Amino acid sequence: MKLKLYLCAVLLLGYAMAFGQEHQASQNFNSNWKFFLGNDSTAFRPDFDDSKWRKLSLPHDWSIEGQFSEKHSSTTNEGALPTGIGWYRKTFAMPLSSKNENVFIDFDGIYKNSEVWINGYYLGKRPNGYISFRYDLTDHLYFGNKLNVIAVKVDNSAQPNSRWYTGSGIYRNVWLVSKNATHFNQWETVITTPKAEGNVATIHVNTQIHRVNMKRTSLVTTIYDAGGKLVGSDRYDMDEGWQAQADVKIKQPQLWSVNHPYLYHVKLQLLVAGKLVDSYQSTFGIRYFKFDQDKGFSLNGKPLKIRGVCMHHDMGALGAAVNTRAMERQLQILKAMGCNAIRTSHNPPAPEFLELCDKMGFLVMDEAFDMWAKKKNKFDYHLDWAKWHKVDLEDQIKRDRNHPSVFIWSIGNEIREQFDSTGISIGKELVGIVKKLDNTRPVTSALSENDPKKNFIYQSHALDLVGLNYHQEAYADFPKNYPGEKFIATETMSALETRGHYDKVSDTTVLWPHNSKSKFTDGNADLTVSAYDNVAAYWGTTHEATWKIIKKYDYLSGLFVWTGFDYLGEPTPYPWPARSSYFGIIDLAGFPKDVYYMYQSEWTTKPVLHILPHWNWQPGQIIDVWAYYNQADEVELFLNGKSLGIRKKQGDDLHLAWKVTYEAGTLSAVSKLNGKVVLKTSVKTAGKPARIQLIADRSTIKADGKDLSYITARVLDEQGNMVPDADDLIKFELTGPGVIAGVDNGLQTSTEPFKANQHKAFNGLCLAIIQSGLKGGKIIIKASAKNLKPAILNIGSK
Ligand code: GAL
């Protein structure tokens with residue numbers, strides 16, 4: 001029976017604006033854990049003495065605290081940091097008032113092979129390091145004075161088990177959830193928008209209730225706009241069964257899009273015999289989209305090229321330990337570049353990452369696996385495939401299906417089963433699992449075999465989108481090779497750069513490694529790669545080459561560049577001491593490489609004029625000067641006031657180039673539209689390092705023990721020019737309520753630790769990440785270096 005009801009004020013009382021996705025009835029369970037790095041098989045016992053263990057707060061990644069070494073079993077591909085086994089324990093009291101409740105513990109992610117005990121009782125094992133999971137503690141807890149002990153063993157010792165840095169430990173958030181015996185089941189509330197077009201949108205809610213008796217149960221659904229105004233409601237009464245629904249119409253809906261990420265809030269209340277027993281709150285978006293074999297992608301009826309990047313989950317010097325501000329900063333830097341989509345390569349992300357994408361306006365391709373039953377590394381997930389893949393995939397889809405940002409599911413990256421007939425059966429099985437839980441989004445798989453006849457995952461004919469990794473040379477023939485199919489470039493480029501390093505000549509493209517057999521002996525002796533966009537791995541291209549193709553054809557719905565940021569591990573093309581990737585448009589510390597401005601000039605309408613390289617060379621050297629620009633029809637270059645000529649992009653050019661005979665001084669550029677100046681920029685020859693400049697990305701942060709301010713230290717000469725090759729050792733001193741959470745310089749071969757209060761600059765720049773404490777006040781950061789004038793900066797923590 002279903003009744004429409006205008007809601008009584010009583011039900012509205014519980015409404016709070018600040019709700020996220022599932023964690024309202026839950027309390028953050030991150031503080032007061034004890035940690036031991038090593039194995040002790042008795043540590044699960046409640047009476048185990050952990051008084052000597054280290055006290056810490058989660059999320060925690062012990063790998064990032066270690067020293068770089070080529071001797072670790074994890075290899076440079078996994079970041080050359082220590083892994084191993086670690087134990088966590090937490091002792092806690094449960095109030096007597098919870099005695100009749102159902103109590104759960106939710107782990108957002110543990111890398112990996114976690115095993116959990118409550119008061120000595122074994123709850124289970126979860127091998128997958130990226131999946132969120134819950135245990136029911138109800139029958140094993142003490143209430144009142146007697147304390148409870150939860151123990152977690154994390155085993156990341158079998159190496160290698162990944163192709164990139166994973167981190168080790170309880171690196172995502174943990175929640176304690178207390179519920180009435182009758183409650184909404186976790187991840188079983190599904191919010192869809194069967195009709196999003198036109199003046200009235202329809203919202204459908206379907207939920208599953210854990211019922212302990214058959215008293216009359218009601219579901220009351222209310223929907224609020226972003227300003228908190230009630231915009232629709234529904235009531236559903238049931239005497240039996242465990243499924244409940246709601247249908248709500250919203251007039252003049254505000255659509256969610258990448259430029260206008262409008263979020264509604266839904267609140268569900270569960271009443272048994274008129275009494276409120278549980279509630280659920282979530283944000284959601286109203287949007288519709290389509291992939292078309294001829295026209296590509298459209299969002300809310302408007303064509304939109306997917307300008308995406310692939311991202312691994314590390315946050316540079318902070319490692320894998322989830323920090324919402326660190327993720328938000330990465331996304332802000334990408335947003336400013338014009339990026340509108342992220343591929344969570346090659347695993348489910350932290351829940352907070354998707355919440356940020358919902359809020360900030362990113363489309364997300366949510367990926368499940370990097371391997372199925374066939375391995376890529378000896379100890380990777382293929383060992384757990386048979387037992388776990390169904391549960392893991394189901395849990396991922398259930399957890400993530402209410403996010404408006406998520407628009408594609410990927411069932412795997414460059415899966416080995418492409419090459420044999422098991423690709424057909426497993427492909428079908430996985431797509432079936434996804435579709436059963438969500439049939440509102442297309443499913444793809446990132447394929448590396450481009451021949452449709454040889455690709456068995458493609459041959460499953462279960463994919464909605466053909467996802468190709470690389471094979472840019474074949475994109476133009478896509479409609480011919482894949483008649484009737486829809487295209488997405490799931491992974492592209494794999495271009496390589498070291499920030500601020502320039503090898504001349506710039507106008508020849510270099511492939512490193514050259515082919516599958518080439519060794520790393522022909523690169524630069526200092527393991528740098530030129531930051532002119534002219535170096536790529538042999539399976540990829542420069543940034544410009546692939547973007548030109550994607551841009552050209554409407555049916556190419558878009559791309560995901562490998563990668564947005566450099567990440568730890570996979571240091572192609574170099575061996576140790578290289579330990580992080582060169583693929584990023586932005587380096588590991590978050591400093592943009594030059595090609596960032598190529599994308600910005602193409603992907604935004606913000607006026608851009610950027611010239612490279614720096615201007616410190618030998619007199620008489622011939623230097624390639626490049627300019628990225630937009631919103632203008634010409635650029636004029638000047639050296640010490642003398643014009644070196646006006647250039648205009650021809651054809652599909654994405655940059656301008658001049659050959660300039662070097663002389664010290666000022667190189668400047670002016671962009672003009674119809675003869676009117678749009679932008680001016682210049683780069684000056686720098687003298688010797690003289691002083692440090694500190695710049696904070698945020699000068700006020702929250703005193704919540706988590707918030708961050710990213711402080712860039714720039715090494716300047718007397719005149720204030722950044723010294724482009726400065727590598728001074730910068731020492732940071734912090735006073736006040738905060739800590740230095742990490743230091744970095746973006747150099748892929750640095751073996752200095754991230755957890756320290758000093759770090760060398762690289763090509764003029766260094767980074768210190770400041771984290772607030774729980775008390776407010778003034779945080780003072782001083783940076784000093786030998787022979788340089790120090791700098792001081794204040795950060796307010798409130
Ligand atoms: C791809 C792979 C990525 C990364 C990349 C490096 O083939 O999918 O995970 O390894 O190569 O170029």
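Order of appearance sets the numbers: ligands from 1, and atoms from 1 within every ligand. The structure displayed is predicted, hence computed values, not measured ones.
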Quiz prompt | Distance-only N or O hit between ligand 1 and Glu414, under 3.5 Å | solution = yes
Quiz item: When the ring centroid of Trp626 is compared with that of Tyr532, is the distance short of 6.0 Å?
Solution: yes
Self-check item: Validation row, ring centre His60 to ring centre Tyr171 under 6.0 Å
Solution: no
Exercise. Give a yes or no answer on whether the side chain of Glu491 reaches the backbone of Val309 with a donor-acceptor pair at less than 3.5 Å.
Key: no
Quiz item: Got an N/O contact under 3.5 Å between Trp562 and ligand 1?
Solution: no
Quiz item: Does an N or O anywhere in Tyr567 fall below 3.5 Å from an N or O of ligand 1?
Solution: no
Quiz item: Quick one: which ligand 1 atoms are inside 4.0 Å of a heavy atom on Tyr470?
Solution: 1 (C), 5 (C), 7 (O), 11 (O), 12 (O)
Quiz item: Within 45° of the ring axis of Phe362 and under 6.0 Å from its six-membered ring centre, is that where the NZ or CZ of Lys335 lies?
Solution: yes
Practice problem: Enumerate the atoms of ligand 1 whose separation from the nearest heavy atom of Glu570 is less than 4.0 angstrom. | Solution: 4 (C), 6 (C), 10 (O)
Quiz item: Of the backbone atoms (N, CA, C, O) and the side-chain heavy atoms from C-beta on, which set of Ala537 has a member under 4.0 Å from an atom of ligand 1: side chain, backbone, both, or neither?
Solution: neither
Exercise. Determine whether any heavy atom of Trp164 lies closer than 4.0 Å to an atom of ligand 1.
Key: no
Quiz prompt | Nearest protein heavy atom with distance in Å, relative to atom 12 (O) of ligand 1 | solution = Ser494 OG, 2.5 Å
Quiz item: Taking the six-membered ring for Trp, is the centroid-to-centroid distance between Phe487 and Tyr553 below 6.0 Å?
Solution: no
Quiz item: Run the side-chain hydrogen bond (donor to acceptor under 3.5 Å, both in side chains) check on Ser581 and Gln748 step by step: do they pass?
Solution: CA-CA 7 Å; Ser581 94; Gln748 292 95 345; over 6 Å; no
Quiz prompt | Proximity to ligand 1 by part of Asn469, non-hydrogen separation under 4.0 Å | solution = side chain
Quiz item: Identify the closest protein heavy atom to atom 2 (C) of ligand 1: which residue and atom is it, and at what distance?
Solution: Glu491 OE2, 3.2 Å
